[in-house]
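We name chains A, B, ... by the order of the sequence lines, and we start the count at 1 in each one.
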2 protein chains.
Amino acid sequence: MPPPSSSPSESVVRAWARLERAHRAAQTTVEARLKEAGLPALAWYDALLELERAGPAGLRPFELQREMLFAQYNLSRLIDRLAAAGYVTRAASAEDGRGQVLTITREGKAIRKRMWPVYAAAIEDAVGRHLSSVEAATLADLLGRLYSRQAS
Amino acid sequence: MPPPSSSPSESVVRAWARLERAHRAAQTTVEARLKEAGLPALAWYDALLELERAGPAGLRPFELQREMLFAQYNLSRLIDRLAAAGYVTRAASAEDGRGQVLTITREGKAIRKRMWPVYAAAIEDAVGRHLSSVEAATLADLLGRLYSRQAS
DNA sequence: CCTATTTAGATGCAACTGCATATTTATGGA
DNA sequence: TCCATAAATATGCAGTTGCATCTAAATAGG
């Protein structure tokens, strides 16, 4: 969407505009499906998945924050809700007096598992349906470049 | 990010996960730059751009909604704010008694123009910097497929 | 050791979003 | 023509996000 100037190339501007739209469309689908099924929101899934992957050692909030690219205050409250729902446990960190360690509970694992079929179907519908497997891999690759940690 | 099942292929799931992350990263950058510069948020730009493109005939809210893939109630309030800021005008539609017609004001055009350099730099930084022009075009193409209006 | 700075996390408050639903006008049939 | 339904837009309320800032612990210098 290239109005006046041209420091980003036209294709870059178009890519960005479509990133917005495509994301909005896909997210809307996914969130709607989860809600229809009476399940928690997308962000819950993502957090629970990371915690499940982290295993019994758990994760520090700031680590989770980096994984999810979530704002700090935002994550802090997401954790509140997950903890209130009984899906994660907060324990004081042994090595760092300021921090805590998050671990997923049995209920957390269970709900994540229960979310997956619905989530998977939504992903297929919002993304998979439109792309071949090779195209999806290309897309994943290009998107990965946009946030890989290597800066300037 | 493929836990148990496998109805969407692994590459599809990865593409979706990265769509989330990449979008979040890019949007965070863009919004931050606009805010730093004391300018309105991203959504304002998008709406103003569509309205400017529509010319003096303006747009109906529902048309803008389709362009932006914005939720109806969400757009309704965005328009409130744009109107309150003096950037758009709402007039009753001549053909449709339920509806209204939105047009961008001179001030609206001015602020959009003022936003562009900052926005453009942010896009370059969040997207352009990471991709060649061909890659950006490929990305735009693939993303476009995810929300083109042809359904199932 | 002591202070200045940085890092981890929480929080009050305002803005925004989502949901459900209301209101008004159009429209397609009986 | 009348009615049932659909479309366009608005809105009260609750939940979420963003901002700014706070506290407490860690860490780097001196």
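- Rounded to a whole Å, the CZ atom of A:R98 is 12 Å from the C1' atom of C:dT5.
- Relative ring orientation between B:Y119 and A:W16 is described as perpendicular, the plane-to-plane angle rising above 60° on a 0-90° scale split at 30° and 60°.
- Taking every side-chain heavy atom of B:R60 into account, D:dT9 is the closest of C:dA10, D:dT9, D:dA10.
- Donor-acceptor pairing under 3.5 Å, judged by distance alone, is present between the side chain of A:R77 and the base of D:dG18.
- Closest to the B:D96 side chain, of the nucleotides D:dT9, D:dA8, C:dA8, is D:dA8.
- Per the geometry, CG belonging to A:L75 stands 14 Å off P belonging to C:dT11, to the nearest Å.
- Using a 4.0 Å cut-off, no side-chain N or O of A:S76 falls inside it from OP1 or OP2 of C:dG9.
- The side chain of B:N74 contributes an N or O atom lying less than 4.0 Å from OP1 or OP2 of C:dG18.
- Nearest to the side chain of B:P61, among D:dT9, C:dA8, C:dT17, sits D:dT9.
- Distance check: B:L142 CG to A:E135 CD gives 6.0 Å after rounding to the nearest 0.5 Å.
- Side-chain proximity of A:F62 to C:dT17, C:dG9, D:dA8: nearest is C:dG9.
- Computed from coordinates, the B:E95 CD to D:dA7 P distance equals 18 Å when rounded to whole Å.
- Between B:R66 and the phosphate of D:dA7, there is no side-chain N or O to OP1/OP2 separation shorter than 4.0 Å.
- Aromatic ring orientation, B:W44 versus B:Y87: perpendicular (interplanar angle above 60°, classes split at 30° and 60°).
- Set against D:dA20, D:dT16, D:dA10, the side chain of A:Y73 has D:dA20 as its closest nucleotide.
- Proximity of B:R90 to the phosphate of D:dA8: no side-chain N or O atom is located under 4.0 Å from OP1 or OP2.
- Residue B:D80 is classed as having no contact, given no heavy-atom separation below 4.0 Å to the nucleic acid.
- Checked against D:dG18, C:dA8, D:dG12, the side chain of B:K35 finds its nearest nucleotide in D:dG18.
- One N or O donor and one acceptor, one from the side chain of B:Q72 and one from the base of D:dA10, sit under 3.5 Å apart.
- For the pair B:Q65 and D:dA8, the criterion of a side-chain N or O lying under 4.0 Å from OP1 or OP2 is not met.
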